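Keep in mind the model is a prediction, meaning the values are calculated, not measured.
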Amino acid sequence: MSDIQTRFAPEIDASLVRRLIAAQFPQWAKLPIRAAEPQGWDNRTFRLGNALGVRLPSAARYVAQVEKEQRWLPRLAPQLPLPIPAPVAVGAAGEGYPWPWSIYRWIEGAPAAHGVEDLPAFASDLGAFLAALQAIDTGDGPAAGPHSFWRGGPLATYDGEARAAIAELGERIDGGAASEVWKAALAATWDGPPVWVHGDMAVANLLLRGGRLGAVIDFGCCAVGDPACDLVLAWTLFEGESRAAFQSALPLDPATWARGRGWALWKAAVSAARAPADSARNHWRVIEAVLSDASGSG
């Protein structure tokens, strides 16, 4: 198999999933298969009947997440206040697909991207979930690294990207204020013991049930390290009362919140620099929220 074939997946569609299931899990071969909506970036997800889901890495750099989730999610789940994905089986390469893949129990719920009615309550629930995650014994958990895209690792990993993005945005951004926020984040080092982090706190990975936070999914970037990366929703989703509720639920020091602002600023600045002007509105909103909060006016 060529290097290109091992780095990028073939077309991942329902037909491929159907062949993989038939070949490796014939007991489920008659179940209907359909693409889940919305789709993620790291993995492609499909419904398998009503109770199961199939998750396939979309590129080689995401393959390490399969074994990690298979190993650690069953250990984390009993210690968390909300449901998380439960692995049922792991599949092997086959049918032209070059990597391992997973089958999970399907968790019903609407992504929080669809809108949250009571944002302060949602923020409190999420803060409580993260506090519980951070309290779990790390044991021999996976230290932050390439498998987590350095979520849980040093923010300095993305120093060059952040500075380049701020410079590229030029007069469209308050470069001085952004640079100060970034410098403060780099200076605010993590001195505590490593803790579990989810690594991808995005609204698409938070499911609603009855209008409240009902489940947390997609632990592909989970790791053991600095919790600051999991704070980004303080600026990407929350504001005012809901941000205060989120912060109150998490017993973290000001330095960790400073690094959290750095994580949010890095992603928003890089995304704003790369995105077409007509699709960058949300990135600019996050940048403004971070700068305003850092100045004490947010």
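Neither side chain, Asp159 nor Trp266, offers a donor N or O lying under 3.5 Å from an acceptor on the other. At a cut-off of 3.5 Å, with distance as the only test, no side-chain donor of Tyr62 or Trp99 sits close to an acceptor on the other residue. Judged purely by distance below 3.5 Å, without hydrogens or angles, the side chains of Ser102 and Gln70 pair a donor atom with an acceptor atom. If you check the side chains of Gln134 and Trp196, you find no donor sitting under 3.5 Å from an acceptor.
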Check your understanding: Could you go step by step and tell me if Val116 and Leu208 meet the side chain to side chain contact (heavy atoms under 4.5 Å, CB included) rule?
Key -> CA-CA 8 Å; Val116 180; Leu208 299 174; 4.1 Å; yes

**Study point:** Verdict with supporting geometry, Asp293 and Arg243, side chain to side chain contact (heavy atoms under 4.5 Å, CB included)
**Key:** CA-CA 10 Å; Asp293 185 48; Arg243 186 182 298 156; 3.6 Å; yes

Exercise for review: Just do the side chain to side chain contact (heavy atoms under 4.5 Å, CB included) check on Phe122 and Leu206 with the steps written out, would you?
Suggested key: CA-CA 10 Å; Phe122 182 89; Leu206 306 173; 3.8 Å; yes

Review point. So Ile84 and Leu76, side chain to side chain contact (heavy atoms under 4.5 Å, CB included) or not? Walk me through it.
Key: CA-CA 9 Å; Ile84 65 174; Leu76 297 176; 4.1 Å; yes

Point to revise | Asp13 and Arg18: CA distance, side-chain angles, deciding distance, salt bridge (Lys or Arg N to Asp or Glu O under 4.0 Å) verdict | key: CA-CA 9 Å; Asp13 56 16; Arg18 189 170 293 109; over 6 Å; no

Point to revise | Criterion ring-ring contact (aromatic ring centres under 6.0 Å, His included) on Trp106 and Tyr104, from CA distance to verdict | key: CA-CA 6 Å; Trp106 187 260; Tyr104 295 88; 9.9 Å; no

Point to revise | Derivation of the salt bridge (Lys or Arg N to Asp or Glu O under 4.0 Å) call for Arg44 and Glu37 | key: CA-CA 10 Å; Arg44 300 291 180 265; Glu37 294 295 341; over 6 Å; no

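When all heavy atoms of Glu69 and Pro87 are compared, the closest pair comes out as O-CG, 3.7 Å. Between Asp42 and Cys221 the shortest heavy-atom distance is OD2-SG, 4.4 Å. Heavy-atom minimum distance, His198 versus Asn205: CE1-ND2, 4.2 Å. Residues Pro38 and Pro111 share a closest heavy-atom pair of CD-CG, 4.0 Å. Here the closest heavy-atom approach between residue Arg55 and residue Pro57 is recorded as O-CD, 4.1 Å. Closest of all the heavy-atom pairs between Arg259 and Ala228 is CB-CB, 3.5 Å.
Checked by atom type and distance alone, the side chain of Lys68 pairs as donor or acceptor with a backbone atom of Gly220 at under 3.5 Å. Using modelled atom types, one side-chain atom of Ser179 and one backbone atom of Gly175 make a donor-acceptor pair closer than 3.5 Å. At distances below 3.5 Å, at least one donor-acceptor pair connects side-chain atoms of Ser148 with backbone N or O atoms of Gly145. When atom types are taken as modelled, the side chain of Arg61 and the backbone of Ser58 share no donor-acceptor pair closer than 3.5 angstrom. Side-chain atoms of Arg47 do not come within 3.5 Å of backbone N or O of Ala36 as any donor-acceptor pair. Judged by distance alone, the side chain of Arg285 and the main-chain N or O of Thr236 form a donor-acceptor pair under 3.5 Å. Panel note: side chain Asn282, backbone Trp284; no donor-acceptor pair is recorded below 3.5 Å.
Applying the ring pair (Phe, Tyr, Trp, His ring centres under 6.0 Å) test to Phe129 and every residue at least two apart in sequence or in another chain returns nothing. For Trp235, there are no ring pair (Phe, Tyr, Trp, His ring centres under 6.0 Å) partners two or more places apart in sequence or in a different chain.
Cluster membership check: Ile217 does not share its hydrophobic cluster with Ile103, using side-chain heavy-atom separations under 4.5 Å among Ile, Leu, Val, Met, Phe, Trp and Tyr. Trp190 and Ile136 are members of different hydrophobic clusters when ILVMFWY side chains are connected at heavy-atom separations under 4.5 Å. Both Val203 and Val216 are part of a single hydrophobic cluster, where members link through side-chain heavy atoms under 4.5 Å apart. Phe46 and Leu207 fall into different hydrophobic clusters, where Ile, Leu, Val, Met, Phe, Trp and Tyr are joined by side-chain heavy atoms under 4.5 Å apart, directly or via other members. Val224 and Val195 fall into different hydrophobic clusters, where Ile, Leu, Val, Met, Phe, Trp and Tyr side chains are chained together by heavy-atom contacts under 4.5 Å.
By the 6.0 Å and 45° rule, Arg75 stacks over the aromatic ring of Trp72.
Side chains of Val66 and Leu56 form no contact here, defined as non-hydrogen atoms less than 4.5 Å apart.
Among Val54, Asn50, Leu48, the one residue that satisfies the side-chain contact (heavy atoms from CB on, under 4.5 Å) test with Leu52 is Leu48.
Here Arg212 does not pair with Asp118 in a salt bridge; the nearest charged N to carboxylate O distance is not below 4.0 Å. Between Glu288 and Arg281 no salt bridge is recorded (no basic side-chain N to carboxylate O distance below 4.0 Å). Note on Arg151 versus Asp230: no salt bridge recorded, every NZ/NE/NH1/NH2 to OD/OE distance being 4.0 Å or above.
Other residues, nucleotides and ligands contribute more than 12 heavy atoms inside 6.0 Å of the CD atom of Glu161. Within 6.0 Å of the CZ atom in Arg105, the count of heavy atoms belonging to other residues, nucleotides or ligands does not exceed 12.
Below 30°, between 30° and 60°, or above 60°: for Phe25 and Trp101 the angle between ring planes is above 60°, a perpendicular geometry.
Taking the centre of each ring, Phe149 and Tyr158 stay at or above the 6.0 Å mark.
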